[in-house]
Amino acid sequence: MSLDPKIAARLKRNADGLVPAIAQQYDTGEVLMLAWMNDEALHRTLTTGRATYWSRSRQEFWVKGDTSGHVQHVKAVALDCDGDTILVKVDQEGAACHTGDRTCFDADQLEIALG
């Protein structure tokens with residue numbers, strides 16, 4: 001099986017065939033992380049209920065939590081209006097970030113200059 005052709009036709013991929021995927025905690029709206037998906041990763045995510053991404057550094061699929069135990073149980077998946085970003089609403093077990101933080105956006109808050 002492969003990704004539904006209707007979904008595949010909507011995707012706008014980068015030169016490497018990838019689409020950014022934002023993982024969000026389904027019940028709080030907390031943004032957890034950004035990763036990348038190709039057609040197969042999206043297909044696996046939709047058919048298994050486990051968030052599956054494409055690792056650009058390792059050049060292989062990775063199912064979130066298989067090595068860390070920090071599983072992402074998929075609750076919903078949506079494409080944005082342009083088809084160039086995937087939103088994956090998940091129930092995150094443990095840390096989402098490889099650093100051990102709850103989210104990848106905890107560590108470096110930038111100052112906003114309001115004038």
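We number each residue from 1, following the sequence as shown. Atoms considered below: every heavy atom in the structure, side chains included; atoms not considered: hydrogens, waters and symmetry mates.
At a threshold of 4.5 Å between non-hydrogen side-chain atoms, the residues His73 and Val71 count as touching. With a 4.5 Å cut-off on side-chain heavy atoms, Leu114 and Ile112 count as touching. With a 4.5 Å cut-off on side-chain heavy atoms, Leu79 and Leu11 count as touching. Side-chain contact between Leu42 and Val77: present, with at least one pair of heavy atoms (C-beta onward) separated by less than 4.5 Å.
Residues passing the side-chain contact (heavy atoms from CB on, under 4.5 Å) test with Phe105 are Val31, Thr103, sequence neighbours excluded. Not counting sequence neighbours, Glu111 has no partner by the salt bridge (charged side-chain N to carboxylate O under 4.0 Å, His left out) test. Not counting sequence neighbours, the partners of Gln72 by the side-chain hydrogen bond (donor to acceptor under 3.5 Å, both in side chains) test are Tyr53, Gln92. In terms of the salt bridge (charged side-chain N to carboxylate O under 4.0 Å, His left out) criterion, residue partners of Asp66 (sequence neighbours excluded) are, by chain and number, Arg50. The side-chain hydrogen bond (donor to acceptor under 3.5 Å, both in side chains) test applied to Ser57 returns Ser55, not counting sequence neighbours. Every residue meeting the side-chain hydrogen bond (donor to acceptor under 3.5 Å, both in side chains) condition with Glu60, not counting sequence neighbours, appears here in chain and number order: Arg58. Take Leu87 and apply the side-chain contact (heavy atoms from CB on, under 4.5 Å) test, not counting sequence neighbours, and it matches Ile22, Gln24, Lys89.
Here side chain to side chain donor-acceptor pair (under 3.5 Å) pairs that include residues 5-20, with residues two or more places apart or in two chains, are Arg13-Asp39. Evaluation of the side chain to side chain donor-acceptor pair (under 3.5 Å) test over residues 25-36, restricted to residues two or more places apart or in two chains, returns Gln25-Asp27, Gln25-Asp91, Gln25-Arg102, Glu30-Arg102.
Between Asp80 atom CG and Asp82 atom CG the span is 5.0 Å, to the nearest 0.5 Å. A distance of 8.5 Å separates CD of Glu40 from CG of Leu3, quoted to the nearest 0.5 Å. For the atom pair Glu93 CD and Ser68 OG, the distance stands at 9.5 Å (nearest 0.5 Å). Rounded to the nearest 0.5 angstrom, Asp106 CG and Asp101 CG are separated by 5.0 Å. Rounding to the nearest 0.5 Å gives a distance of 7.0 Å between SG of Cys104 and NE2 of His98.
Under a hydrophobic-cluster definition in which Ile, Leu, Val, Met, Phe, Trp and Tyr are linked whenever side-chain heavy atoms come within less than 4.5 Å, directly or via other members, Val88 and Leu46 are assigned to the same cluster. Transitive grouping of hydrophobic side chains (ILVMFWY, heavy atoms separated by less than 4.5 Å) brings Val19 and Ile7 into a common cluster. Under the 4.5 Å side-chain heavy-atom criterion for Ile, Leu, Val, Met, Phe, Trp and Tyr, Val90 and Trp54 are members of distinct hydrophobic clusters.
Through ILVMFWY side-chain contacts below 4.5 Å, Val63 is grouped with nothing and stands alone.
Of all heavy-atom pairs spanning Ala96 and Met33, the tightest one is O-SD, 3.7 Å.
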